[in-house]
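Index from 1, following the sequence.
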Amino acid sequence: MPLLFVVGQALMGQNDLANSGSWSGVIVNSSCTPDEAFAEAAKCLENLGPAVKLALYDDTIRAVYTLDPQDQAVGHLGDSVTVEGTLQNNTIQVASLKMLTAIGLDVGQKAPAFSAHDQFGREQNLGTLKGPKGTVLLFFRSADW
């Protein structure tokens with residue numbers, strides 16, 4: 001019996017670790033739906049006073065997550081941020097919140113090794129894309145994916 005208790009506790013701990021991570025997006029008020037946030041509806045950025053709950057809209061998967069506790073998100077309505085913490089149900093237990101100030105590499109910085117499939121299903125990497133004067137990568141994400 002004690003062995004089962006210890007194994008159960010260890011498995012619960014692994015489950016918590018599996019939900020830990022970071023999420024990037026925009027701070028919106030929690031009355032905003034994913035569709036409204038995607039459409040950048042003005043209501044998502046309305047300051048509804050101190051009683052409003054703040055949430056994170058992640059546009060990569062069109063999800064709105066409640067933030068708990070709220071204190072780190074206060075004053076960041078409309079800001080792009082990265083939130084680290086643990087996801088439980090649809091709520092991120094916030095460990096830290098950082099402003100998202102830049103995306104991608106700095107000008108002149110060398111790209112790390114990578115591989116990805118192009119629009120035709122062919123695997124590409126830095127070597128296959130390199131031209132005689134170097135490489136410029138441009139990623140375009142369609143708004144209707």
Between C32 and A37, the two heavy atoms sitting closest are SG-N, 3.5 Å
Rounded to the nearest 0.5 Å, what separation is found between the CG atom of N29 and the OH atom of Y57? 14.0 Å
Compute whether any side-chain donor of one residue and acceptor of the other, for T91 and N89, lie under 3.5 angstrom apart. no
Are any non-hydrogen side-chain atoms of L67 and W23 less than 4.5 angstrom apart? no
What pair of heavy atoms forms the shortest contact from S22 to T82, and how long is it? CB-CG2, 4.1 Å
Taking all non-hydrogen atoms of both residues into account, name the closest pair between S20 and T86 and its distance. OG-OG1, 3.5 Å
Tell me whether D79 contacts the main-chain N or O of M99 through its side chain, where contact means a donor paired with an acceptor under 3.5 Å. no
At what distance, to the nearest 0.5 angstrom, does NE2 of H117 lie from CZ of R122? 11.0 Å
Between N90 (side chain) and V64 (backbone), is there a donor-acceptor pair under 3.5 Å? yes
How far apart are the closest heavy atoms of I92 and L87, and which atoms are they? CG1-CD1, 3.9 Å
Say whether, by atom type as modelled, one donor and one acceptor occur between the side chain of D59 and the main chain of R62 under 3.5 angstrom. no
Measuring from atom CG of L97 to atom CG of L56, what distance do you get when rounded to the nearest 0.5 angstrom? 8.0 Å
Nearest 0.5 Å, please: how far is OG in S80 from NZ in K98? 16.0 Å
Is there side-chain contact between L54 and V28, with heavy atoms separated by less than 4.5 Å? no
Heavy-atom closest contact (E123 atom, S115 atom, distance): OE2-CB, 3.7 Å
Student check: side-chain heavy atoms of L77 and V52 closer than 4.5 Å: no
Heavy atoms of other groups near Q124 CD, more than 12 under 6.0 Å: yes
Donor-acceptor pair, side chain of Q70 and main chain of K53, under 3.5 angstrom: no
